[in-house]
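Please read these numbers as outputs of a predicted model, since none were measured by experiment. Heads up: numbering here begins at 1 and tracks the sequence.
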Amino acid sequence: MSISTRSFEAITDAFHRASGIRLGDAKRQLVVGRLQKLARDRGMDNLDLYVQSVVQGGDSDELVRVVDKLTTNETYFFREPAHFDFLGELLDSGSLKSPGRGVDLRFWSAASSSGEEAYSIAMLMADKVGRSGWQVVGTDLSTAMVRACERALYPLDRTQHMPPNYLKQFCLRGEGAYDGHLLIKRELRARTRFVPANLMQPLPDIGEFDVIFLRNVLIYFDPDSKQDIVQRVMQRLRPGGYLLTGHAESINGQQLGLRMLRPAIYQR
Ligand SMILES: C[S@@+](CC[C@H](N)C(=O)[O-])C[C@H]1O[C@@H](n2cnc3c(N)ncnc32)[C@H](O)[C@@H]1O
């Protein structure tokens with residue numbers, strides 16, 4: 001299938017309005033590849049007609065499906081291990097502890113994709129702190145990703161960077177139809193919660209956090225949107241809390257009142 005320039009602009013504009021992410025002409029083949037499956041599911045083999053039905057037809061349910069398809073969800077357990085090493089050091093040295101008796105330490109995986117980042121944090125916390133005293137919240141723009149996070153079922157090949165004892169301690173190996181998969185154990189799932197949230201819009205009521213993972217999402221935004229997102233996210237960081245960004249992403253920490261401690265690690 002192919003797409004006309006007009007339809008490409010119409011669908012990427014609609015995607016930009018929904019997500020804040022601008023897909024330029026270089027992404028044309030990617031857009032065609034991802035949309036053709038959606039068009040076929042609707043019995044259409046013409047992408048221009050499909051785009052017309054979504055955009056001009058104002059089909060908001062189908063637009064959610066388009067947004068889910070066009071976002072890039074690549075992730076894996078313990079990605080960018082320097083962040084998990086840093087967190088481990090903070091916990092071992094006692095510099096990261098509950099702000100008060102009976103108050104949980106709170107972590108936010110702010111573009112959680114399918115949940116590997118949030119469950120990596122949960123595994124580290126369960127290992128270092130135990131089964132209580134902390135919570136992890138994961139949010140993502142894509143509702144399909146939020147459902148995947150809640151399912152907590154993953155192919156075993158995403159665990160290459162997971163410490164082997166964590167695989168044993170915190171995951172159940174799938175059998176039969178789930179062969180080659182793992183399920184995150186219930187005790188970790190009980191301390192994690194996932195909700196849809198668009199970082200470009202006012203955030204849902206998810207509270208404040210001690211550590212925020214805002215990784216591998218800023219890369220998709222123009223400088224102004226990036227600045228807006230970091231400012232919005234920062235309002236949810238407790239004073240003294242830590243903001244972690246992807247190592248390929250850069251933010252002007254000083255301007256935002258953040259102290260850079262190490263590459264991609266900032267403290268409020
Ligand atoms: C590459 S994944 C990053 C996953 C994880 N943080 C990591 O570093 O491995 C990027 C995620 O950002 C999400 N995303 C894109 N735009 C967003 C927005 N405006 N608001 C919230 N999430 C967004 C996508 O749905 C996708 O799941």
Side-chain angles (χ1 to χ4, degrees), residues 77-140 145-147 149-152 162-163 165-172 183-197 199 202-215 229-245 253 256-259 261-262 264-268:
F77 290 101
F78 293 92
R79 180 179 194 177
E80 301 190 29
H83 285 146
F84 296 95
D85 294 345
F86 174 73
L87 218 52
E89 285 169 33
L90 288 180
L91 293 164
D92 288 343
S93 66
S95 337
L96 184 64
K97 45 183 190 292
S98 159
R101 258 172 95 91
V103 182
D104 285 345
L105 266 176
R106 301 191 78 237
F107 299 82
W108 180 18
S109 167
S112 59
S113 186
S114 35
E116 288 87 333
E117 181 175 272
Y119 289 123
S120 300
I121 303 167
M123 287 179 199
L124 186 73
M125 290 309 292
D127 179 31
K128 299 272 183 194
V129 175
R131 304 276 157 106
S132 61
W134 54 271
Q135 306 170 22
V136 182
V137 176
T139 59
D140 201 274
M145 285 300 113
V146 171
R147 282 196 298 273
C149 292
E150 287 169 341
R151 216 174 301 128
M162 188 192 289
N165 57 322
Y166 283 11
L167 187 59
K168 272 210 193 96
Q169 255 178 293
F170 305 124
C171 309
L172 298 167
L183 182 69
I184 304 293
K185 280 192 181 169
R186 190 190 293 272
E187 59 255 39
L188 293 199
R189 280 187 280 139
R191 304 218 66 84
T192 54
R193 183 163 76 94
F194 296 96
V195 272
L199 296 171
L203 294 166
D205 192 10
I206 49 175
E208 284 198 317
F209 297 90
D210 300 282
V211 184
I212 300 178
F213 284 63
L214 180 65
R215 307 191 312 162
I229 291 179
V230 179
Q231 262 161 355
R232 189 168 303 114
V233 165
M234 282 262 310
Q235 287 164 7
R236 303 304 176 97
L237 189 60
R238 286 178 181 151
Y242 301 90
L243 176 72
L244 312 180
T245 61
L256 293 155
L258 290 166
R259 200 156 56 95
L261 303 181
R262 294 184 197 173
I265 300 180
Y266 303 84
Q267 185 172 27
R268 182 171 167 198

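- Here the straight-line distance linking atom CZ of Arg79 with atom CZ of Arg215 works out to 7.0 Å at 0.5 Å rounding.
- Taking the six-membered ring where the residue is Trp, the centroids of Tyr166 and Phe77 are separated by 6.0 Å or more.
- Ring geometry for His83 against Phe213 counts as perpendicular: the plane angle is over 60°, on a 0 to 90° scale with 30° as the lower cut.
- The nearest pair of heavy atoms linking Leu91 to Leu124 is CD1-CD2, 4.4 Å.
- Looking at Val230, Ile229, Leu237 one by one, the single match for side chain to side chain contact (heavy atoms under 4.5 Å, CB included) with Val233 turns out to be Ile229.
- The OG atom of Ser112 lies 9.0 Å from the CE atom of Met145; values are rounded to the nearest 0.5 Å.
- Arg268 has its side chain out of reach of Leu243: every pair of non-hydrogen atoms, C-beta onward, lies at least 4.5 Å apart.
- Counting heavy atoms from C-beta outward, Tyr119 and Arg189 have side chains that approach closer than 4.5 Å.
- Nearest heavy atom pair, residue Pro204 against residue Pro196, reads CG-O, 4.0 Å.
- Atoms CD1 and CG, on Ile265 and Asp85 in that order, are 9.0 Å from each other to the nearest 0.5 Å.
- Taken to the nearest 0.5 Å, the CG atom of Leu244 stands 10.5 Å off from the CZ atom of Arg262.
- Ring-plane geometry between Tyr242 and Phe86 is classed as perpendicular, the angle between the planes exceeding 60 degrees on a 0 to 90 degree scale with a lower cut at 30.
- Nearest approach of Asp140 to Ser113, heavy atoms of both residues: OD2-N, 2.8 Å.
- Rounding to the nearest 0.5 Å gives a distance of 6.5 Å between CZ of Arg191 and CD of Gln135.
- In this structure a side-chain-to-backbone donor-acceptor pair under 3.5 Å is present from Lys185 to Gln169.
- Nearest heavy-atom pair across Arg232 and Leu203 is CG-CD1, 3.7 Å.
- Of the residues Arg106, Lys97, Arg238, the one that meets the side chain to side chain donor-acceptor pair (under 3.5 Å) test with Asp210 is Arg238.
- Of the possible donor and acceptor atoms, one in the side chain of Ser120 sits under 3.5 Å from a partner among the backbone N and O of Phe78.
- A donor-acceptor contact shorter than 3.5 Å is absent between the side chain of Ser98 and the backbone of Leu105.
- Ile212 contributes atom CD1, which lies 12.0 Å from atom OG1 of Thr245 (distance to the nearest 0.5 angstrom).
- Minimum heavy-atom separation, Trp134 to Ala126: CZ2-N, 3.9 Å.
- Between Leu214 and Leu199, some side-chain heavy-atom pair lies under the 4.5 Å cut-off.
- The two residues Thr139 and Ala197 have their closest heavy-atom pair at CB-CB, 3.7 Å.
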